[in-house]
Amino acid sequence: MKDIKIAIIGLGYVGLPLARLFATKYPVIGFDINKDRIAELRSGHDSTLEVEDEVLQGVLKTTAKMETGLFCSDQLADIADCNYYIVTVPTPVDSTNRPILTPLYKASETVGKVLKKGDTVIYESTVYPGVTEDECIPVLERISNLSYNTDFYAGYSPERINPGDKEHTVEKILKVTSGSTPEVGQKVNQLYASVITAGTHLAPSIKVAEAAKVIENSQRDINIAFVNELAKIFNLMGIDTHQVLEAAGTKWNFLPFKPGLVGGHCIGVDPYYLAQKAQEYGYHPEIILAGRRMNDTMGKYVSSEIIKLMVQRDIKIKGSSILVLGITFKENCPDVRNTKAVDVINNLKSYGTNVTVYDPWASSKEVEHEYGMKVTQDLPQDKYDAIVLTVAHNQFLAMELKEMLKTDGVIYDVKGILTKNVDARL
């Protein structure tokens, strides 16, 4: 594995941890078009908190000429002499839940401008089967004037990063790999195997690797949708869903899923990518889309349940004050991409309530930019008619929520983790 120089295209939640890992063994150029992000990383700080500052600073270099280490840049010339290009840009959906491949197209154009004979381009972004070879490769060929599998090669190794998880870091998660030819597959596999301590699995084709990734999150989405439906049924029956799941979980093969808000950049998006491709083949995926519909409605359901509790306690809804704890898509993580806490907040506001959002992890600037909402990182000192725990940040678990309530106020636990003074939970 000599003479390898790697370019990581996109330095977000996926790209930076991967770049840091590869930089322990190879020269790595981290490329991102966001100049502010590059400046931040060059200063030795990662605002996503995926890579600790001292770890990042331990691999950072101030020049692109190096034997190992990471140099961050927004200049195309700095990645021109790399021979492996790994694309880790986001793959979102639009307002109608159709896949947006624009970031992949743009990243492919960037790589195409510097692509040389013998180079290999590896995609990690989650896509439906066929995107790498049917959508991205033609862009690389057009921009570079090189021929696929003659002049340059490709691979696909789906990201399995779990934002905010300090136990299952990138090197500790088994990596699926693939290549555009059997020989390239072996090379791509060896490249990842050289840094992934958990091991690798070489898939027989790029399309198999793409499909494997997209069904991982679709399966999880469907399972959560099932328990969300159970929660709605059991709530009508006056039965505690979590107690039911605890009892059922005593069987060895019962899957331990819990009800909740399903957002984020993967589970809340990936099923739509698979559904899109299925529909192109003339098949309407009923179970996958039913799961998505169920999970997409949970924000509205939660807010309506909170309002019902307030009405039952004769709390005037219009003008009432509600504190929402958490706006990130998961606990102990600053990631607000596709967070469904926003659905709860917007629906509560639609009743005429005054909602305060407290989240010590979220960037107030990013939240306002993405959702047009205000969020405070300072614990409010007011008293509220209702408090809603939407995210299980560690800070919230130690709070005495009852002391922050007005008389007859309501505490609603979306995550089902509070052990006392809870009026209802999902």
Side-chain angles (χ1 to χ4, degrees), residues 13-14 90-93 97-99 123-132 156-165 167-168 170 172-178 198-233 241-242 244-245 248-249 251-281 283-298 329-331 333 335 337-340 415-416 426:
Y13 284 87
V14 174
T91 44
V93 293
N97 296 317
R98 292 179 63 85
Y123 290 87
E124 288 215 359
S125 306
T126 303
V127 293
Y128 54 77
V131 167
T132 298
Y156 182 79
S157 182
E159 61 91 0
R160 282 176 164 172
I161 292 287
N162 188 24
D165 190 337
E167 180 181 353
H168 301 97
V170 59
K172 297 177 183 177
I173 304 173
L174 193 143
K175 204 82 162 69
V176 173
T177 63
S178 64
T200 59
H201 173 87
L202 177 57
S205 70
I206 287 175
K207 285 186 173 65
V208 167
E210 291 171 323
K213 168 58 180 178
V214 80
I215 72 166
E216 288 175 19
N217 289 324
S218 296
Q219 180 189 69
R220 185 168 177 80
D221 191 46
I222 291 167
N223 279 309
I224 298 174
F226 171 62
V227 294
N228 275 337
E229 187 164 58
L230 291 180
K232 289 184 176 182
I233 295 170
T241 304
H242 292 267
V244 174
L245 294 174
K251 189 180 180 186
W252 76 91
N253 60 353
F254 186 83
L255 301 178
F257 288 92
K258 294 182 179 180
L261 303 173
V262 187
H265 62 105
C266 286
I267 300 178
V269 172
D270 295 355
Y272 288 122
Y273 273 73
L274 184 56
Q276 165 76 14
K277 196 61 178 178
Q279 289 167 340
E280 289 179 9
Y281 279 82
Y283 181 82
H284 182 74
E286 296 183 19
I287 294 176
I288 294 171
L289 290 179
R292 260 302 72 219
R293 285 193 296 271
M294 172 59 66
N295 289 336
D296 278 344
T297 63
M298 291 309 292
F329 93 88
K330 65 177 296 187
E331 65 276 4
C333 171
D335 195 345
R337 292 174 295 174
N338 193 35
T339 173
K340 296 305 178 180
K415 298 296 292 185
L426 182 58

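Residue numbers run from 1 in the order of the sequence given. These numbers were taken from a predicted model, which means no experiment stands behind them.
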(message) Could you check whether Asn162 and Lys330, counting side-chain N and O atoms only, form a donor-acceptor pair closer than 3.5 Å?
(response) yes

(request) Verify the distance criterion only: is there a donor paired with an acceptor across the side chains of Glu159 and Ser125 at less than 3.5 Å? (result) no

(request) Give the C-alpha distance, both sets of side-chain angles, the deciding distance and a yes or no for side chain to side chain contact (heavy atoms under 4.5 Å, CB included) between Leu230 and Val244. (result) CA-CA 10 Å; Leu230 291 180; Val244 174; over 6 Å; no

Is [X] atom [atom1] crowded by more than 12 heavy atoms from other residues, nucleotides or ligands, each under 6.0 Å away?
X	atom1	answer
Gln276	CD	yes
Ile287	CD1	no
Lys258	NZ	no

Just to verify, what does [X] make a side-chain contact (heavy atoms from CB on, under 4.5 Å) with, not counting sequence neighbours?
X	result
Ile288	Ile222, Pro271, Leu274, Pro285
Leu255	Asn223, Phe257
Lys415	Glu331, Leu389, Ala392, Asp413, Ile417

(message) Test: salt bridge (charged side-chain N to carboxylate O under 4.0 Å, His left out). Region: residues 261-274. Which pairs qualify, not counting sequence neighbours?
(response) none

(message) By the salt bridge (charged side-chain N to carboxylate O under 4.0 Å, His left out) test, which pairs, at least two apart or in different chains, include something from residues 286-295?
(response) Asp221-Arg292, Arg292-Asp296

(request) Quick one: closest heavy-atom pair of Tyr273 and Val127, and the distance? (result) CD2-CA, 3.9 Å

(message) Give me the atom names and distance for the closest heavy-atom approach of Thr126 to Tyr156.
(response) CA-OH, 3.6 Å

Taking side chain as C-beta onward, heavy atoms only, is [X] less than 4.5 Å from [Y]?
X	Y	value
Val170	Ile161	yes
Leu289	Met294	no
Asn295	Ile224	yes

Quick one: list whatever passes side chain to side chain donor-acceptor pair (under 3.5 Å) with [X], sequence neighbours left out.
X	result
Asn97	Tyr272
Glu216	Arg160
Glu167	none
Ser178	none

(request) Let me see the working for Glu210 and Tyr123 under side chain to side chain contact (heavy atoms under 4.5 Å, CB included), right down to the final yes or no. (result) CA-CA 10 Å; Glu210 291 171 323; Tyr123 290 87; over 6 Å; no

(request) Report the residues that fulfil salt bridge (charged side-chain N to carboxylate O under 4.0 Å, His left out) with Arg337, sequence neighbours left out, ordered by chain and then residue number. (result) Asp335

(request) Could you pull out all residues at least two apart from Glu124 that satisfy salt bridge (charged side-chain N to carboxylate O under 4.0 Å, His left out)? (result) Lys175

(message) Using 0.5 Å steps for rounding, measure from the CD atom of Glu229 to the CE atom of Met298.
(response) 10.0 Å

(request) Could you tell me whether Glu280 and Lys277 have a side-chain N and a carboxylate O separated by less than 4.0 Å? (result) yes

(request) Check the pair Phe254, Leu245 against side chain to side chain contact (heavy atoms under 4.5 Å, CB included), reporting the backbone distance first and the verdict last. (result) CA-CA 9 Å; Phe254 186 83; Leu245 294 174; 4.0 Å; yes

Identify each donor-acceptor pair in which a side-chain atom of residues 201-208 lies under 3.5 Å from a protein atom, sequence neighbours left out, and give them as a table.
unit_1 : atom_1 : unit_2 : atom_2 : d
Ser205 : OG     : Val208 : N      : 3.2
Lys207 : NZ     : Glu133 : OE1    : 3.3

(request) Determine, stepwise, if the pair Val269 / Asn338 fulfils side chain to side chain contact (heavy atoms under 4.5 Å, CB included). (result) CA-CA 8 Å; Val269 172; Asn338 193 35; 3.8 Å; yes

